[in-house]
Amino acid sequence: MEITFTWNTANMSGLAAVIPTASKDDVAPVICGVYIDGRAFTTTDRHAAAEWAHGGGFAGVDTADTVSGSAGITVPMDAAKWLAKQTLNALLGAGPARMHDAAETIEVAVIWPEAEEGKTREDAQLVVRHKDNKEEITSLRFSPTLGGFPAVSRLFPAGDAEVRPVGEVLLKPAFLKRASEAAGKVAEREEVVRMKFTDSGRSARPGPVLFTVASAPAFRYLLQPNILLR
């Protein structure tokens, strides 16, 4: 299997934005990394979920039928952090980095063997390479985290979801801080962050709180205290 996406400043920032939301509770190791599929980088710790669409925004993307673990791979945190450090300056030098960013000539390939090939999990790789000739710049071998990543994309409210009237909404300061810091990694300077309070259908319990940034439609962050692994 192979998933590829452009490696540019936007996707570097997007990966950095979602990494802190990965769980640190090793009781459920499958949510302690970054799930990468052909659509997005996704993390969750059961209380929140963060997504960055590495191919663009979420407009028109139907996630209702997303199946857990169907076409992606959970990259462990050490490998995800390694990738986040592969800036264009580090890879190409300060001079040509901006030019390559604008031209989008660098890509990342996440490669892992098909189960029937009988190869070991250690054969998975993150490969940073040139798009045109596939020449490798740098790479890292890693062992993917086993298990089905929860289909948290289903929890994000649709764009036309009913908005809950804002009277009193209780949010933990620590969760708000994390959401704000994640948005700050992709928002333009002094840009506001939109918070959408949705209706859960239960009068006594508020629905998910969705954070979005106008200048970064590829980012979305959900505060949801009832994420289940299955």
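Owing to the predicted nature of the structure, the values given are computational and were not obtained by experimental measurement. For the single chain, residues carry numbers from 1 onward in sequence order.
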With a 4.5 Å cut-off on side-chain heavy-atom distances among I, L, V, M, F, W and Y, is there a chain of contacts connecting [X] to [Y]?
| X | Y | result |
| --- | --- | --- |
| V193 | Y221 | yes |
| I73 | I111 | no |
| L83 | V127 | no |

So which atom in [X] and which in [Y] form the shortest heavy-atom distance, rounded to 0.1 Å?
| X | Y | result |
| --- | --- | --- |
| P113 | A124 | CD-N, 4.3 Å |
| T145 | V30 | CG2-CA, 3.7 Å |
| A187 | S215 | CA-OG, 4.1 Å |
| M77 | C32 | CE-O, 3.6 Å |
| A79 | F142 | CB-CB, 4.0 Å |
| L223 | A48 | CD2-CB, 3.9 Å |

Just how far is it from atom [atom1] of [X] to atom [atom2] of [Y], taken to the nearest 0.5 Å?
| X | Y | atom1 | atom2 | answer |
| --- | --- | --- | --- | --- |
| F5 | I36 | CZ | CD1 | 4.5 Å |
| R39 | I3 | CZ | CD1 | 11.0 Å |
| S139 | W82 | OG | CH2 | 6.5 Å |
| E107 | D132 | CD | CG | 9.0 Å |
| E104 | N11 | CD | CG | 8.0 Å |

Min side-chain heavy-atom separation [X]-[Y] under 4.5 Å:
| X | Y | result |
| --- | --- | --- |
| T138 | Q86 | yes |
| Q125 | R141 | yes |
| V209 | F175 | no |
| K131 | T6 | yes |
| Y35 | T44 | no |
| M195 | F211 | yes |
| T212 | K196 | no |
| V34 | F149 | no |

Strictly below 4.0 Å, N to O, side chains only: are E51 and R220 in salt-bridge contact? yes

Q.
Run E2 and K134 through salt bridge (charged side-chain N to carboxylate O under 4.0 Å, His left out) and show every step you take.
A. CA-CA 13 Å; E2 179 173 322; K134 307 303 181 185; over 6 Å; no

#### Entry: Parallel, tilted or perpendicular: rings of H54 and F41 (30°, 60°)
tilted

Could you tell me whether a side-chain N or O of [X] sits under 3.5 Å from a main-chain N or O of [Y], the two making a donor and an acceptor?
| X | Y | result |
| --- | --- | --- |
| D26 | P29 | no |
| T43 | V18 | yes |
| D78 | K81 | no |

Contacts satisfying side-chain hydrogen bond (donor to acceptor under 3.5 Å, both in side chains) that involve residues 174-186 (not counting sequence neighbours) are D45-R178, K177-E181

